[in-house]
Each structure stands twice: as structure tokens, then as C-alpha cells.
Amino acid sequence: MAVHGAWILILVTLMSIWCVEPKYIIYNTTSKIVPGKLNVHLVAHTHDDVGWLKTVDQYYVGSNNSIQGACVQNVLDSIVPALLADKNRKFIYVEQAFFQRWWRDQSETVQETVKRLINSGQLELINGGMCMHDEAAPHYIDMIDQTTLGHRFIKQEFNITPRIGWQIDPFGHSAVQAYLLSAEVGFDSLFFARIDYQDRAKRKDEKSLEVVWRGSKSLGSSSQIFAGAFPENYEPPSNFYYEVNDDSPIVQDNMELFDYNVPQRVNEFVAAALSQANITRTNHVMWTMGTDFKYQYAHTWFRQMDKFIHYVNQDGRVNALYSTPSIYTDAKYATNEAWPLKTDDYFPYADRINAYWTGYFTSRPALKGYVRTMSGYYLAARQLEFLKGRSKAGPNTDYLADALALAQHHDAVSGTSKQHVANDYAKRLSIGYEEAAKVVETSLASITRSSSKTDSGNKVTMFQQCLLLNISYCPSSEVDLSNGKNLVVVVYNPLGWKREDIIRIPVIDGNVIVKDHRGNEIESQLVPLLNASLAIRNYYSMAYLGKFPSVTPKYWLAFSASAPPLGLNTYFISSGKQKATAAPSKNQVVYSSKEKQKDVIEVGPGDLKLVFSAKQRKLIGYINSRTKVKETVRQSYSFYTGATDIKQASGAYIFLPNGTNSLKPDHQALTVLRGPILDEVHQRINSWIYQITRVYKGKEHAEFEFIIRNYRKDWNLDVNQPVAGNYYPINLGMYVKDDDKELSVLVDRSMGGASIKDGELELMLHRRLLHDDGRGVAEALNETVCVQNKCSGLTIVGKYYLRIDPLGEAAKWRRSFGQEIYSPFLLAFTQQEGDGWTNSHVSSFSGIDPSYVLPDNVAMITLQELDNGQVLLRLAHLYEVGEDKDLSVMASVQLKKVFAHKKINKVTEMSLSANQGRVEMEKKRLVWKVKGSPEEVPKVVRGGPVDPAALVVELAPMEIRTFVIDFN
């Protein structure tokens, strides 16, 4: 009976449940901003890296999930029905590299639905670049280009312009991002997450997480922006995560079921909101409801947010609403609050004690160098594409544009992805280069073809290029000229100034002479190709191409070449007897510490002399006879051993050294090669570092080429906390000065640098580490190259440049030569029988009026023909206010002379990303109050409107102006 009675009890209970009437709850999500209440803006978002642990395509389609369960296709597929289910729901999306992939996959019906969601404000595209670029390693031109690529697509497809900067994951933030990539593209605000943990704590206390960021000394308040750092990161508050299988408590609001928790969850929501309000000005706080690759099943998030909005607003203590950063920004602006002022960077970034994210400034230096090389190449290729005329059917520069855009991602050029992902970025750049190279070669063939001198039946010239000159490999120049052929070298100058530089190409025979485009023999020099360079050449040509070179060149052939602005000159190399001054055999001197030779060696064929000690085999002095600068200089190589502590290791992101170690040079000779054009000093620092120092006639800087093999050894040292917190990203260069001199160093790629002691500059050239630093990559930074199943550490061949000037005179070299480093001469090669080239081809050409050059303080950073035949032009003033006494002034550019070969019909000034008119953008700009600032802010001088008749562009210091030009 007892058992029978128990069953009766259960049956009665179940029957009582079955008898409950069904209750469908309609959640009230219509809430808007309520004045006088704390408004909690719920911003639904996903952060989708365009490559990190998986490649961009793997992330998109959801493959390789053994590494990470992430599928962006699912995110975007899931968002559309979730938004359609409730017109009050909102979502923001950022990465255009993914969105555009997805958009191309959709039917017209889905596309029309998405357009309606965007037009209604339910789906907002923010930031709008192809990726969320890094802010330390990319060149500013690359940041502009990748942003433009995304912004123009959004404008063309949806006729909207993104309003918000959303740089939530880069590892520290640059003032350039604030004024250039935010204010100058028309953003109303900029939001980010990663600032130093101590800075964040201080800002919480002061309620200064949100500021007005005035990032440019030159452009001042005209390019300031409202900027907000999140209280912790870009994720929801603790216990408010709702992806499938997340463990945050849901809102269980069915009172007939167990675990009903509405009051508890409402109380937790209100407590979290009030906590954030205590560190935020005004009665508006933003909750970032999402994180990496979330919303793959969007309903799980929106279901809970619907409930929170419904029940929190019934409770009434705070007001919760679906929002976007645009709505949040407008709400902040409407309060008329005065905000603290910020003017400098948010670098360096540490997320906790002893964890400075300054290692990535140098991580993967080969990728950083490749990206920088391709960036300069892309600029030149677009110019040549314009000069010839863009082909819709043939090759174009679009693939390289996409590959470079992806490479600016904060886990790409930063060097913080897994190795297979870094390989993917490099592969895309390689494919893009191959396509763009066809554009360059066909454009040069078209430009050099002379309609007045050639028969229509003549073959089109086939040009070749040499991307691997950095490893002394150039099949196009390593040819036998004894049969009477000429090697034709076309030298294209992408800069807007006439330019002269030294060309160095490998040749197999020393019996060669060089003639200019007029047929005059010019001075040249043969420099022996020594074993260190040949070893790199043989090993890496095998690694890159799968084969050893078929010939071995004996020399570098060096000669001085010049080219007009956006123009070319042609040089001819043929068999012939070198002048005695250029013969290499008599100009090579080996200095050994064991020999009793002159201790002081002066090197340099011109005004600049570097002084070396033969006995110590190192640089000791710098003399410029023109500027009367004479200075003691010391150069040395050191290495930091990475910390391996269980709590924090040094890794791809984090620089945590375990002491500093100076490298003593091996007891090997110092080799000096002299000639009329350049002198070289070769130094074997040790078994894995080799350096070539070059001083050129006519140049007042020294060039240091370093070859560093990625060496690794375990060291037993006491743990010490040195200099990581003083490292900064070095994108162009760095300098130190005293009361009468400036020492400047420029670099060929992004790297980390510091000035730890007065009068010293330090560059980190390479990194290899044993351990992961625990920030998500789960892979040690250990780059290797394998040839025939044998792997060794990756070797880096790079350059940096040094110059010492009288105080106040160095900026011109830094700015002008910095442009030459970024945009080197573009070389193309072909062969010609005899001397017939000048009779059938154009040997010299200028893309602008031959009598005109751009001002010394202005660079043309974009010249690109668009799909519709219009031309995109960007001009940049290179100097800050007060940087140079002569060049920090208003400059002007005559467009009629820049486009002397075309007739301009219309010039429209645009925002930096070319997605809206400049005038329209300025009309919409929000003017923020700054705390403690006078009501009348000093007026910033900018270039005036372009007169349609005169067509002259004015540029104030640091101003970049963007135009779309229509031609007749």
C-alpha cells in the first residue's frame, strides 16, 4: 500500500502540471532612452578575426574546427532571421572581409532583406574596413587603403557611411588612429578595449575612460574625436554570456518550472549597471554583448536580452534598451558634457604586471618586411595601372589590394597568428604580387612603346622583375651579354619628386659597362658578392623556388640612376671593359686584429665618413665634412633571453626578457670594399649575425644591412625585469637629440625600439622563443625554413639607416628619405639586340608635366583609377607644425600639371576613405566640449577649397586631402 500510495501522489502532481494553461509571453523590447534614468545600451556584436588561429577562409566556412569552433558564415546566416523576429533588436558588424564574402554568397532576396535591415538601423556596419587593423605595425597608407576598400563597398551597396570607429582588440592604440583613421574618415566616435591596466585603473577612478582625443598637434581640434575605452574588455559583464553552451545563468521566467530566477537576474543586471555607472560620466553606459565569433546561433543571445529588457524595465531602477554605438554616441553628445582631453598614444599596453605587449612590435619580421615591400609596390603598380589605363578584362591590382588589406589585421602584420595562418597571409600577398606584376609589366611595355618609332607589327616588350633582390637573386640580370645583347633596365620612380639613387643588381661577368637613356656611358662599380650573401642566396632560392640557381653571379653592379616624378628612365648594360676605378680586385682590404695595420679606417667616397677601429673591428666615429658634424658613435648587437616563468613567458605578444646579453664579435677580419660610388664594410659579428655597412657617394646617411639567422640556445641566467615597458612601435624611424645635434635611425619595416639610456637607440631586429605567452595563440614563436627535410631558424635580411645632423636640420632627411624607403625605384628588365632600343622605344618618360615636381613637403600617397573611370588622388603634407623651419608651411599642388596629359572635368574633395564629400562630412561632424578648454578654440589652418578654374590644392602641415577626379 505504501508503494501504491506513492504512485498516486506522483500521478496527481503530473496531472496538476498538465492542467496548466499555456502562457506565451510577449517581451516588451520597445524601450528607448529615458531621461533621468541610467540607460544601459545593449550592443550586440561579434568580434571576427580575419585570421588568427585559423585562416580567414577557414574562419568563414567553419573548417579546421579542431583548432577553434568558429564559423562566420553561421554568424551572419543566424543574425538575419534573429533581427527579423523583432524589429527592436539591433546588431553591429565590423569586418568587411567576412561580410563581403558572405554578401556575394546570398540570393537577391536575402540581399534585399539585409538592405532593409541596414536602412532601418537594425543592422549597423561600423568601423567598415576590410579588417580591424593593428595600430602599431602597419604603415599609415595601408591603414587608409584597407579602410577605403571597405568604406567604398558599403557606400556603393548600401549608400551609407560608417559613423563609428571600433578598434576593440588591437594591442594598444595610436594617436594616428584617432585623428587620421577616425576623425578624418568622418567617424563620430572611436571605441576600444586594450589600454594599460594601470592606466585603466586610474581612469576608472577619475571617470576618464571616455575622452576627447586630440591626436594631432598640427590639426588640433579640427580632427579630434570622442573616444571611449571599455571598463574591462570588449565582452559582456561577468555572467551575461549567452552563446550555446555558455554557463552564464539564463533568465528562467516560467514560474511553473523549477529555478525561476527573474528577481535574482534583474538584481544582478542592475548591480552590474550601477557599478559601471560609478566609473562613467553621464547616465549612459554601454554593454558589449558579444565577443570572439559569437552569435553562431544568434537566438540564444537575443532570447536572453529580450527578457532582460522586459524585466529590468518592469523593475524600473534602470532602463535597458537595444542599442548601437551610434545611438550611444548621440546620447552622450546630447548630454552636453565636457570631457577630459587626451593627446598622446595608448602605448605601450600591459594587461597585468610584467606583461607588456611590446614583443609583437618585432614578431615575424619577415612577414612585416614582406607586407611593407608589397605596400610600396602596390602604390607604384596603381600609378602604372592609371598611366596605361585600367583594364577590366586583363590583370589588375585588386587581388593585391585584398591581400594587403587582410595583412593589416591585428593578428597578421602584428606577427601574432599561428604559423599556418602567417603562411596564408604570405601566400595571398604572393598571388597578389604575381597579378600586379603583370599590370606593371604591361603598363611599362605600353609606356615605352613609341607609336612614332615602331611598326605596328613589332612585338610587345616582355619585361621581368626581381622580387628576390634581398637575397642577391635576380635571374633577369644574371645573363650572358658576351653575345652582343644589351640588358635593358627600366627604372620607374613612384615619387612626385625627381630622384637619384644607387641601383645594385647581381651580374655574372665583370666586363660590363652602363649607359644612360641618351647612350652616354656612366660611372659604375663592381662589388664582389661575398660568401655570406651567396649562402643566403642558394639556401633561400631553394626554399622559395624549389631549385638552386643555375648560375652564380660574381659581383653586384652598382650605378647611379635618376628618374623624373612618376616617370622612368632607361639604362643599358652591355659587355665592355670597366674603368680601372671600378675594378674590384684592387679595392678589397681585409683588416685583422692580429695584423699591425693602421688602427683607424675611414670609409666613404663622399662627404660622409664612417670611422672604424681595425683592431676592435667596430664602428667608432661619424664625420660629415659638409655639415661639420663630428661625433663618436658606437654600435653593438645584444640579445634578450625570453623569460620562461610559468606565470608569464615571453611570446609572440609579450616581451619579458630574462636579462640582457651583449654579443662579443668573433675573432674574424673586417673587410672593406672601396669604389667610386660606394664603400662597403663587411663584419661577421658571430656565427649567426653578419653586417654590411654601406656609405654612398652623394648620400649623407649610412646604410646598415643585417643578416640574422634565427638562433636559439638555452641560457641559465638570473631573472631580471628590464626594458619591456619602454619599448615602442617604430614604423618609420626614431631619433634622439642633445643641445646641438640629432641622431636619426630609419627602418625598412615595422619593429620595436627604445631609448633605454640617454644618447642610445635600441632596435629589436628578430625574435625566436621557446614558449607561448598564454594569450591565445598556443604556439611558440619559432619560425623555421626547411630545405630537403632539414629545417633551420628563419634568417632575416633587413636594413636600417643612420644619420647625424645639426639640431633642427634632421626632419627633412627623415621625411624625404622615409618616402624613398617606402617607395623604392621599381626595376624592370628585358634584353635587346644591339643598340636598337632608343630607335623603337621611349627611353625617358614623366607621368606629370616634365617641368613640374611636387613640393618637397608633399607626397602623392594614392593615384588609382577606379572601376568607373574616375581617379582617386591623395596628397599628404609630410611635416608637423614646427618640425622644420622651411617645410612646416602651407604647400600647394597644381593639378593641371600633375595631370598634364589629361583634361580635368571635375574635382570633388572627399573624406579620407573616399566614401562621402568632405563638405558633407564636415557639416555632420559633432563638436564635443573639452573639460577646462576655453569656449573659443584657436582656429586650425587647413588648405582652402579647390578653385575649379585654377585647380590648385593647398595643404597645411600634416594635412592629407583626398579627391575623386573626373576627366573629359
Side-chain angles (χ1 to χ4, degrees), residues 41-52 56 59-60 70-80 82-83 90-103 114 117-118 121-135 138 143 146-155 157-158 160-171 173 177 181-182 185-194 227-230 233-236 286-296 298 301 323-329 402 405-412 414 913 915:
H41 296 250
L42 302 183
V43 175
H45 80 105
T46 179
H47 173 61
D48 298 341
D49 293 303
V50 295
W52 178 38
V56 60
Y59 271 134
Y60 176 65
C71 177
V72 176
Q73 205 170 15
N74 286 350
V75 173
L76 291 165
D77 283 345
S78 179
I79 286 300
V80 174
L83 295 178
K90 293 177 172 57
F91 190 81
I92 62 171
Y93 199 75
V94 175
E95 294 83 6
Q96 281 297 304
F98 286 130
F99 185 85
Q100 291 179 24
R101 278 168 167 75
W102 180 81
W103 180 256
V114 171
L117 291 172
I118 289 174
Q122 278 191 268
L123 176 59
E124 184 173 352
L125 303 177
I126 68 169
N127 221 36
M130 299 300 286
C131 69
M132 187 180 293
H133 56 231
D134 182 49
E135 297 181 34
M143 298 162 81
Q146 81 87 15
T147 303
T148 299
L149 205 57
H151 280 198
R152 286 185 62 81
F153 170 85
I154 294 170
K155 181 67 175 179
E157 288 291 339
F158 308 108
I160 61 168
T161 56
R163 291 186 56 198
I164 306 298
W166 192 255
Q167 289 288 111
I168 60 174
D169 198 27
F171 326 125
H173 304 280
Q177 178 65 36
L181 277 304
S182 296
V185 301
F187 289 163
D188 290 322
S189 59
L190 167 65
F191 296 99
F192 45 88
R194 297 192 186 273
F230 300 141
N233 48 41
Y234 53 83
E235 303 184 0
M286 183 199 301
W287 282 15
T288 48
M289 299 300 291
T291 183
D292 295 9
F293 300 100
K294 300 306 181 185
Y295 291 80
Q296 295 189 64
W301 285 88
S323 188
T324 66
S326 295
I327 295 171
Y328 178 78
T329 298
D402 283 328
L406 289 177
Q408 309 316 313
H409 169 57
H410 58 269
D411 285 308
S414 60
S913 57
N915 66 343

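Residue numbers run from 1 in the order of the sequence given. This structure is a prediction, so every number in the text was calculated from the model and none was measured.
- In terms of heavy atoms, Y328 sits closest to M286 at CD2-CE, 3.4 Å.
- Looking at heavy atoms from C-beta onward, F153 lies out of side-chain contact with M130 at the 4.5 angstrom threshold.
- Interatomic distance, D49 CG to D411 CG, rounded to the nearest 0.5 Å: 5.0 Å.
- In this structure, N127 contributes its side chain and G129 its backbone to no donor-acceptor pair below 3.5 Å.
- Between the side chain of R152 and the backbone N or O of N915, no donor-acceptor pair lies under 3.5 Å.
- Between atom CG of residue D292 and atom CD of residue E235 there is a gap of 7.0 Å, rounded to the nearest 0.5 Å.
- Between W103 and F98, the gap from one ring centroid to the other reaches at least 6.0 Å.
- I126 CD1 to I92 CD1: the interatomic distance, rounded to the nearest 0.5 Å, is 3.5 Å.
- Nearest heavy-atom pair, A407 versus A412, reported as atom, atom and distance to 0.1 Å: O-CB, 3.3 Å.
- Here the straight-line distance linking atom NZ of K155 with atom CG of L125 works out to 13.0 Å at 0.5 Å rounding.
- Using a 4.5 Å cut-off on side-chain heavy atoms (C-beta onward), L190 and I164 make no contact.
- Between F99 and W102, the ring planes are tilted. Angles from 30° to 60° get that label.
- Taking 4.5 Å as the limit, some side-chain heavy atom of F191 sits within range of a side-chain heavy atom of P325.
- Separating the CZ atom in F192 from the OG atom in S182 is a distance of 9.0 Å, to the nearest 0.5 Å.
- Using a 4.5 Å heavy-atom cutoff, the side chains of Y59 and D48 are not in contact.
- Between the side chain of E135 and the main chain of Q177, no donor-acceptor pair closer than 3.5 Å is present.
- Tested against H47, the residues W166, W52, Y234 include a single ring-ring contact (aromatic ring centres under 6.0 Å, His included) partner, Y234.
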Take H45 and T288, measure what side chain to side chain contact (heavy atoms under 4.5 Å, CB included) needs, and give me the verdict at the end.
-> CA-CA 7 Å; H45 80 105; T288 48; 3.7 Å; yes

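- The two residues Q122 and L83 have their closest heavy-atom pair at NE2-O, 2.9 Å.
- In plain terms, the two heavy atoms of A44 and F91 that are nearest each other are O-CD1, 3.5 Å.
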Trace of the side-chain hydrogen bond (donor to acceptor under 3.5 Å, both in side chains) decision for H409 with D134 | CA-CA 6 Å; H409 169 57; D134 182 49; over 6 Å; no

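- For E124 (side chain) and Y93 (main-chain N/O), no donor-acceptor pair under 3.5 Å exists by modelled atom type.
- H151 places no side-chain N or O within donor-acceptor distance of the main-chain N or O of P162, the cut-off being under 3.5 Å.
- Between R101 and V56, the closest side-chain pair of non-hydrogen atoms falls below 4.5 Å.
- At least one side-chain heavy atom of M132 sits less than 4.5 Å from a side-chain heavy atom of P170.
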Determine, stepwise, if the pair T161 / I154 fulfils side chain to side chain contact (heavy atoms under 4.5 Å, CB included).
-> CA-CA 7 Å; T161 56; I154 294 170; over 6 Å; no

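- For H133 (side chain) and P138 (main-chain N/O), no donor-acceptor pair under 3.5 Å exists by modelled atom type.
- The nearest pair of heavy atoms linking R163 to S326 is NH1-CB, 3.7 Å.
- Checked by atom type and distance alone, the side chain of H410 never pairs as donor or acceptor with a backbone atom of Q167 at under 3.5 Å.
- Taking OG1 from T291 and CZ from F293, the interatomic distance works out to 10.0 Å, rounded to the nearest 0.5 Å.
- With Q408 contributing its side chain and M143 its backbone, the two residues share no donor-acceptor pair below 3.5 Å.
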Apply side chain to side chain contact (heavy atoms under 4.5 Å, CB included) to F158 and I118, showing your working.
-> CA-CA 8 Å; F158 308 108; I118 289 174; 3.6 Å; yes

Evaluate side chain to side chain contact (heavy atoms under 4.5 Å, CB included) for L76 paired with Y295, printing each intermediate quantity in order.
-> CA-CA 8 Å; L76 291 165; Y295 291 80; over 6 Å; no

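- Summarising the geometry of E95 relative to T46, their closest heavy-atom pair is OE1-O, 4.4 Å, with the distance given to 0.1 Å.
- Although no hydrogens or angles enter the test, the distance criterion places no donor-acceptor pair under 3.5 Å between the side chain of Q96 and the main chain of G128.
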